[in-house]
Amino acid sequence: MFDFSVEDRVATVTMRNEPVNALTLVFVEKLELLVDDLETRDDWNVVIIRSDLKVFSAGGDLAGMLSWMNEEGAAKRVAVYAQRIQQLMKRFEKLPGVTIAFIEGAALGGGLELALSCDLRIATEEAKFGLPELKVGLLPAAGGTQRLTRHCGRGVATRIMLAGDVLSAAEAHRVNLVEMLWENGQSKMELADIAGRIAAMPREALSIVKGCIAGQGATDTDGFALEITGIEKLVAGGEAKIRIARFMQKTDA
């Protein structure tokens, strides 16, 4: 279901759960194990998650949920399934390195929620985006209502979720759902370039800046205080001194 590799501090996760990368229980379990691995290893600064299929991911396992609905305790079972995916997305969001969702096809439902848990979303022209759960009487319960509103604003999020709109890649870029939109011919080269530039950054600094960005607007976090404790920690670690001295030597030259 996944291919995983690390090269030059760039980790690549390629999803392959045919036919549409549905978030089945087995898929979720394997992704949890992969996150376990990413949390413990220190040989990566960037992780790219992409698909080897025509879609990025079509979302939750509707066939599985329908089968559960014929059993006793169906509502609780579906809620537990949604909570498990929600917690997985939170873990993915909090990984110490930078996460990039590279989207070349449809990212719908839970597939879009996975992309929203990443730090950056990069799309090609064929990509499509939506949270169509209301059409089948459900809701985006893996963080979609919160993260989409955070990224695109209340009005855009309301339209996408309540009207069931599916956005083209161009429109997703216009409403800030994706940060970068590339033509097919440039995508692989540009992806390697931005991933390489991020991977060259100091790992601890990347993690601290991620935390500061996440702290913006949070009711339980003082983002300004995070900046001060973060810079103190980075200077105490010593790597900043080495990098500044190296930079100054190049400037003088």
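The chain is numbered in sequence order, starting from 1.
The other members of the hydrophobic cluster of Leu134, by chain and number, are Leu162 (side-chain heavy atoms under 4.5 Å, ILVMFWY only).
Follow the hydrophobic side-chain contacts under 4.5 Å out from Leu108 and you never reach Leu131; the two are in separate clusters. Ile100 and Phe56 are members of different hydrophobic clusters when ILVMFWY side chains are connected at heavy-atom separations under 4.5 Å. Leu177 is not connected to Val166 by any chain of hydrophobic side-chain contacts under 4.5 Å among Ile, Leu, Val, Met, Phe, Trp and Tyr, and they are in different clusters. A continuous path of hydrophobic side-chain contacts links Leu112 to Leu31 [ILVMFWY only; heavy atoms under 4.5 Å]. Under the 4.5 Å side-chain contact rule for hydrophobic residues, Leu53 and Leu191 do not share a cluster.
Within 6.0 Å of atom CD in Gln87, more than 12 heavy atoms from other residues, nucleotides or ligands are found, so the atom counts as buried in its surroundings.
A salt bridge links Arg174 with Glu171: at least one charged nitrogen is closer than 4.0 Å to a carboxylate oxygen. With respect to the salt-bridge test (charged N to carboxylate O, under 4.0 angstrom), the residues Asp119 and Lys210 qualify.
In this structure the side chain of Val10 never reaches within 4.5 angstrom of the side chain of Val47, judged on heavy atoms. At a threshold of 4.5 Å between non-hydrogen side-chain atoms, the residues Glu104 and Lys54 do not count as touching.
Among residues two or more places apart in sequence or in another chain, the ring pair (Phe, Tyr, Trp, His ring centres under 6.0 Å) test is passed with Trp182 by none. For Phe4, the ring pair (Phe, Tyr, Trp, His ring centres under 6.0 Å) criterion is met by no residue, not counting sequence neighbours.
Here the CD atom belonging to Glu32 is positioned 13.0 Å from the CZ atom belonging to Phe92, to the nearest 0.5 angstrom.
Checking each of Leu88, Asp61, Val28 against Leu23 for a side-chain contact (heavy atoms from CB on, under 4.5 Å) leaves exactly one that passes, namely Val28.
If you check the side chains of Thr14 and Asp52, you find no donor sitting under 3.5 Å from an acceptor.
Taking the centre of each ring, Phe2 and Phe27 come in below the 6.0 Å mark.
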